[in-house]
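What follows is a set of notes on a single structure, which appears directly below.
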Number of protein chains: 2
Amino acid sequence: MDPAVVGRRVRALREEQGISLSTLARLAGVGKATLSGLEHGTRNPTLETLWAVTAQLGVPFTALLAEPSAEPVVHGTAVTATLLEVFTDTDATYELYRMRVAPGVAQLSPAHAPGVTEHVTVFAGVLRAGPADAPLTAPAGGHLRWVSDVPHSYAAVGDEEVAASLLLRYPRR
Amino acid sequence: MDPAVVGRRVRALREEQGISLSTLARLAGVGKATLSGLEHGTRNPTLETLWAVTAQLGVPFTALLAEPSAEPVVHGTAVTATLLEVFTDTDATYELYRMRVAPGVAQLSPAHAPGVTEHVTVFAGVLRAGPADAPLTAPAGGHLRWVSDVPHSYAAVGDEEVAASLLLRYPRR
DNA sequence: CCCGACTGTTCCGTTTACGGAACGGAAGCG
DNA sequence: CGCTTCCGTTCCGTAAACGGAACAGTCGGG
């Protein structure tokens, strides 16, 4: 973790809200020098300082840190997915994603390792996904499941963006 | 944010791994005095210090912070659920939970509003859940769906704790 | 019993993050 | 053009977080 990364994010968040460094420092109860140094990455801020600043920005603290869950981890032509949680168990490892599929284009993903399965629950829109040679279709509220050790595709049916949760199951080898 | 909370969590994580304060301090490259004060909440740790310790513990940093959404929002006799995300759409509102069901006891939930459906994807263990008079069963990797406008139950089959993702769909009235 | 190896806490000198004040620069207004 | 009022950065004395060493307490072995 680079303190400069945190600093850039604080500055970005502050400017997003259209608030000046001086006023943010005053509202958060920290010195302007502290905030300036923090944003430049020239200081090594204290937990108390970070807390005061993030609280004033209305950000849940994790937004400052290079958190995997807020950044898209998969970003293809049609699919954008963000990792919500990883769960490891005696038999398998699970990755839970929040997924969005843009309309109009289809996306093809290469095969995963043998035994890997995918489970999708559709929030909104209509999703057509699964093995590339035999995709399945699910409307909002529906659920799809397939073994993803073959190339598989994702596509939105119609012109509405699809929102869904995607669970990837990696069996323990 | 209370520094004492962070301290307690670090201590808990360290003891979970069966590692001593001295060795963790050495591995993380921080002084024992620093780590001791951090765990007691008598210090106001630096970002650099927190980073070194969490990296050595293999924890994604956010695990230290009492993030509101990381706290269980449902906590019954058998079920503990934490809200991961809320998604509002033109037709319905969705709530995505991470759920754990303790073995040995069953939990009965009252009926939701008409039209509300629940979707469960089981990560680990075997789950028996659904309408109280006709529950369904799913093993790890399985998926359940039912209309939850009647009383419904959750129970772990066997003596293994169940981990699952729960999607609640509230149709727009 | 004594000793060595370990635990976690406390002491202490050095380093540094802190906030207040002073600073140069950029607008807005008479 | 002055004058005011912001902006963000830099200077600086103080408070405190830092790591190393010394400390008491607890095991386990000879």
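By convention in this document, chain letters (A, B, ...) are assigned in the order of the sequence lines, proteins followed by strands, and residues within each chain are numbered from 1. Just so you know, these numbers use all the heavy atoms, side chains as well, and skip hydrogens, waters and symmetry mates.
Judged by distance alone, the side chain of Thr54(B) and the main-chain N or O of Leu50(B) form a donor-acceptor pair under 3.5 Å.
The CD-C1' distance, from Glu48(B) to dA17(D), rounds to 11 Å in whole Å. As rounded to whole Å, 13 Å separates atom P of dT10(D) from atom CD of Glu39(A). Nucleotide dA15(D) holds its P atom 21 Å from the CG atom of Asn44(A), rounded to whole Å. dT10(D) atom C1' lies 16 Å from atom CG of Leu38(A), rounded to whole Å.
You can see that DNA chain C meets the heavy atoms of chain B within a 4.0 Å-exclusive cut from dT7(C) to dC11(C), reading 5' to 3'.
For Glu15(A), the CD atom is densely surrounded, since the number of other residues' heavy atoms within 6.0 Å is greater than 12.
Where Thr23(B) and Arg43(B) each meet DNA chain C at their nearest nucleotide, the meeting point lying more 5' is that of Thr23(B).
For residues 28-40 of chain A, every residue pair satisfying the salt bridge (charged side-chain N to carboxylate O under 4.0 Å, His left out) rule, not counting sequence neighbours, is listed here: Arg11(A)-Glu39(A), Arg14(A)-Glu39(A).
By the side chain to side chain contact (heavy atoms under 4.5 Å, CB included) test, Ala155(B) is found to be paired with Ala106(B), residues two or more places apart in sequence or in another chain being considered. Considering only residues two or more places apart in sequence or on other chains, Arg128(B) meets the salt bridge (Lys or Arg N to Asp or Glu O under 4.0 Å) condition with none of them. With sequence neighbours excluded, no residue forms a side chain to side chain donor-acceptor pair (under 3.5 Å) with Thr42(A).
A salt bridge links Arg100(B) and Glu161(B); the closest N-O separation between the charged side-chain nitrogens and carboxylate oxygens is under 4.0 Å.
Using a 4.0 Å cutoff on non-hydrogen atoms, the parts of residues 26-35 of chain A near DNA chain C are Gly29(A), Val30(A), Gly31(A), Ala33(A), Thr34(A), ordered by number.
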Full working for side chain to side chain donor-acceptor pair (under 3.5 Å) between Thr46(B) and Thr49(B): CA-CA 5 Å; Thr46(B) 281; Thr49(B) 299; 4.8 Å; no

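Look at Ser20(A) and you won't find any side-chain N or O under 4.0 angstrom from OP1 or OP2 of dC6(D). Distances shown here put every side-chain N or O of Ser22(A) at or beyond 4.0 Å from the OP1 or OP2 atom of dC6(D).
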